[in-house]
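Here the structure is laid out as structure tokens; the discussion comes afterwards.
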Amino acid sequence: MADDSKQATFERPARRNDAEGVEVKYCRTQDSRSARSDDQRMTDTAGTDRPTPDVDVVVVGAGIAGLYLAYRLSRAGYRLRVFEAADDIGGTWYWNRYPGARVDVPSVDYMFSFDPDWRRDWQWTEKYATQPEILRYLNHVADKHDLRRHITFSTRVQHADWDDDASLWRVRTDGGVEVTSRFVVMATGCLSMPKPAEVDGLERFAGEVYFTSAWPHEPVDFTGKRVAVIGTGSSGIQSIPVIAQQARELVVFQRTPNFSFPALNGPLSPEKLAQLTSEAEYRAAARMSFGGIPMMERSIIPTFSVSETERQQRYEHAWQSGLLFETLTVYADVGINPAANHEFAEFVRNKIRSIVDDPQTAADLCPTDHPIGMKRPCLDTNYYATYNSPHVRLVNVRKHPIRQVTETGIDTADESFSFDAIVFATGFDAVTGAISAVDFRGRNGVALKDKWANGPQTYLGLTTTGFPNLFFITGPGSPSVLSNMAVSIEQHADWVLDCLGHLSTGGFDAIEPTETAEAGWTQHVNDCADITLYPSANSWYMGANVPGKPRVFLPYCGGVDFYALSCDEVVARDYLGFSRSGPDGSRCNDGVVRRLQPDVEMVLMEAAALNLPPMESMPVADARALYAQMLAPLPPGPDVGEIADGVLPGAAGDLAYRLYRPATPGPHPIVVYFHGGGYVLGDAISDDPLCRDLCVRSDTIIVSANYRHAPEHRFPAAVDDAMAALRWVADNAPGLGGIPGQLAVCGWSAGGGIAAAVCQLARDMGGPVVVGQVLLMPATSGDTTSASYTENADGYGLTTPLMRWFYDHYIDAADRSDPRFAPLSAVDLSGLPPAIVVAAEFDPLRDDGEAYAAALDAAGVPTELVRARGAIHQSISMVDLVVSGAPIRAQTADALRRFFAATRTPELAS
Ligand SMILES: Cc1cc2nc3c(=O)[nH]c(=O)nc-3n(C[C@H](O)[C@H](O)[C@H](O)COP(=O)(O)OP(=O)(O)OC[C@H]3O[C@@H](n4cnc5c(N)ncnc54)[C@H](O)[C@@H]3O)c2cc1C
């Protein structure tokens, strides 16, 4: 937690005579005064007499976030006003008083961390506390720290206009009150805007109507009543078993079944309390954990790397754990690999089938329309078993749609039901609903609703361009609903407090993210989601539950820990991506905080943690052993139809090869593949996962041919062998199951350079005919002084010193312009086969690939250059580990199919 001792104020800072320490840079923010230069703006602003706002900070909402902000801001000396629509504190826990309402993260994890002496005056009675107990706790904290005095209750903020000249917000409430404030912090919650009931005729119903999200304060007694519950999300799943205990009849109307796990609630375990012995350490670990709960970390084990028996035991353990996050982290790839996800989902479906007696009800309760974990799973107490009670019935509204609510009940397409009460558990307009409900007007009068019409764009989920001094707590683009929100709320509020302190100290009174930073973060949030199965589920995470809401993945799924690192890095790099301004000038530090693909980032962090010595510092034999050791634990890649190992005649003796055959009926086209490894490392099977992947995706036979390595065999041994392999495969295509004439080459890294070279040799030597070349991050020039060698010299897997070491082992300086080593040096590139060249953004070899693609193109060779954004040299080869490489491999396979299709004659095809 940040230092509170600083007294801060946002009354206009005393004017300074010089712009000392204020660096003015060009920044792409939307500025109504943007026609003028930053220097002019500085002068203009300094000459303006800005009014002092009524308060420094307006906070909207008095749930956990609003209370924590009130505590921090008041202690730091800010003048603040908190507005809350409800007539008391608590937010979620004020509104959602339905029977069975509870947390789904352990209570001791779901609490404020700023009050380390909580145990003296607070005890949780259960592992998962009920709503009344949580609300009591929040009241206890509010009273203990005298927080209510900052809050204006029963007041909804409706409008907020940014006054650019005065550099403040004009905030208006439903009572018509206007308050001016330097900053606005939206602590309005992710799940506080209920969705309206989407049924016709509700106004006709003569019985009782309840919404779980606005439950009466007085107890509701369903004893002896006929009750309908509409909705089987978390609130439905929690309330249904409790309502069933009272009701005479209970009919549950279900549109989408959800996965739910037994909560196994009970008293707090001594083990859990023991973990909290060192409270400060425990809370710090929570902030640096995957989901905001310590000791529940991501698995790094891929599902199918362990035996079926072990997997079933692991699933059973998760089922018996009574911990939601445990079920989300069973194996590393459950959220990314459909086959892995299916297996775990099937385990849970089998559990449902084993609990529910009626096979049809069980079938209806089994979720089949979304991958497990990709909608928030639930924790329950006796949910599935409740359907075994004779007075409880499930109606699958996908098969029997609700037509209308009548005076006495509900009509489906084929049945009329009579009820005394209807309970709506139909969820929320999540994450953006409460923010968009306020009519925000930013710079130039732009409405936030318009800006976000196609989905929210934020920087860090905390801020948005064009709306200075507006902060969101757990906003879109932050871990929010994918985390223990108590932890995420504190992390966000702490960041905002630090930021306000920084502005005050620096003499600034406004902050706003740059367009570049916001676009970069939005891209990063999407990149994180795109490597997972999240986007494939029609969930409220995607806005899919609200008609007309843009289909965008709303939270940040990279984890609480990675997210916090980004926030910290932005601050450490002088508020990277933010523009700050004040009476004395402005400072802009434009940039993007996360440019690597998220999975690449993770792999690099794990590799860095191993602290391995650089390969170029080792004897060759040791480097080869280390390379093999690094490849061994990688996921194996997909199954192919057949794998056959053999030898073929090289230029100076036999060479090993491995053939990968698709499972589809042959004959197939053939690709001769040359492995990576800098001419020094690797062999015919060292790129096994990549070859399998290419085989399956392109439906092509891959023959991965070894070649002699340096330093034992220096240039041109490797390319001579490669040429020999190409000839042999061409000559033996029918015997290998190939289609004669349907021959392409592919290579990665040094192998990419070799593949390019053999295309030139085949052209010059009159054969064999090669119909396409796939060059993956190829070495094409031998030049280690290009920009990509400087920019990516270290820290991205392949380093510049290692490339130099490879080249020195392989080739004399005098030979380095020979096109058999540096195909880019060839005088003539015309007449070569069509090419696809992949260049990774963070790769010393990037410029080699790009230059060769440009040269091929200039020579009239049909060439596709794939610039792999956020990728490193190994992005393409780490199949199933670097999932962001999958679209590139798919593009590569598509190109291969095109090469073959373009040259396939009817005779060849038969
Ligand atoms: C039933 C339920 C169970 C949950 N269980 C968990 C759990 O186990 N673990 C977990 O991490 N999270 C859980 N959540 C998410 C939960 O919302 C957060 O954990 C947390 O309570 C959010 O706190 P908050 O202060 O950010 O927002 P909220 O608690 O939602 O408070 C926001 C407040 O802002 C007020 N407000 C909104 N708009 C305006 C406006 N324009 N003007 C004035 N006031 C306004 C609302 O009235 C509300 O009181 C649950 C949510 C629900 C609905």
Side-chain angles (χ1 to χ4, degrees), residues 58-70 81-107 109-112 127-131 134-135 137-138 151-160 171-175 184-195 211-215 233-239 263 286 291-293 323-325 376 378-379 425 427-440 472-475 478-490 492-493 540 555 560:
V58 158
V59 174
V60 189
I64 294 181
L67 291 174
Y68 183 59
L69 282 159
R81 188 110 186 241
V82 182
F83 290 112
E84 168 55 60
D87 62 13
D88 206 346
I89 63 150
T92 289
W93 306 104
Y94 170 93
W95 294 107
N96 294 269
R97 298 167 187 245
Y98 60 83
R102 288 176 193 278
V103 265
D104 59 15
V105 298
S107 310
D109 292 294
Y110 188 77
M111 61 189 303
F112 293 113
K127 179 168 85 163
Y128 296 116
T130 57
Q131 171 272 332
I134 300 165
L135 190 58
Y137 167 71
L138 295 178
I151 307 169
T152 307
F153 290 108
S154 306
T155 305
R156 185 170 286 279
V157 169
Q158 284 186 324
H159 303 270
V171 176
R172 267 175 297 142
T173 69
D174 54 357
V184 172
V185 187
M186 292 296 279
T188 42
C190 295
L191 300 171
S192 60
M193 178 58 64
K195 258 179 45 170
F211 290 82
T212 51
S213 54
W215 201 260
S234 185
S235 303
I237 284 177
Q238 286 186 337
S239 60
I293 303 175
L323 296 167
L324 186 65
F325 279 52
R376 192 175 176 101
C378 307
L379 284 187
F428 300 89
D429 180 352
V431 186
T432 51
I435 298 172
S436 300
V438 176
D439 184 14
F440 276 105
F472 311 113
I473 302 297
T474 62
S478 76
S480 62
V481 288
L482 297 182
S483 66
N484 170 4
M485 289 195 64
V487 168
S488 290
I489 285 169
E490 286 196 356
H492 261 192
W540 55 263
V560 168

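The figures here come from the full heavy-atom set of this structure, side chains too, leaving out hydrogens, waters and symmetry mates. Remember, it's 1-based here, ligands and their atoms both numbered in the order they're listed.
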Is the side chain of [X] donor-acceptor paired with the backbone N or O of [Y] at a distance under 3.5 Å, no angle test?
| X | Y | value |
| --- | --- | --- |
| Glu84 | Phe153 | no |
| Asp429 | Met193 | no |
| Ser107 | Lys127 | yes |
| Gln238 | Arg102 | yes |

Modelled atom types, side-chain donor and acceptor of Asp104 and Tyr110, under 3.5 Å |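 Judged by distance alone, the side chains do not pair up.
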Might you list the protein residues in contact with ligand 1, defined as having a heavy atom under 4.0 Å from one of its atoms, sorted by chain and number?
->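 Heavy-atom contacts below 4.0 Å: Val60, Gly61, Gly63, Ile64, Ala65, Phe83, Glu84, Ala85, Gly91, Thr92, Trp93, Trp95, Asn96, Tyr98, Val103, Asp104, Val105, Tyr110, Thr155, Arg156, Val157, Ala187, Thr188, Gly189, Leu191, Ser192, Phe428, Val438, Ser483, Asn484, Met485, Ile489.
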From CA spacing to verdict: side chain to side chain donor-acceptor pair (under 3.5 Å), Ser488, Ser483 | CA-CA 7 Å; Ser488 290; Ser483 66; 2.6 Å; yes
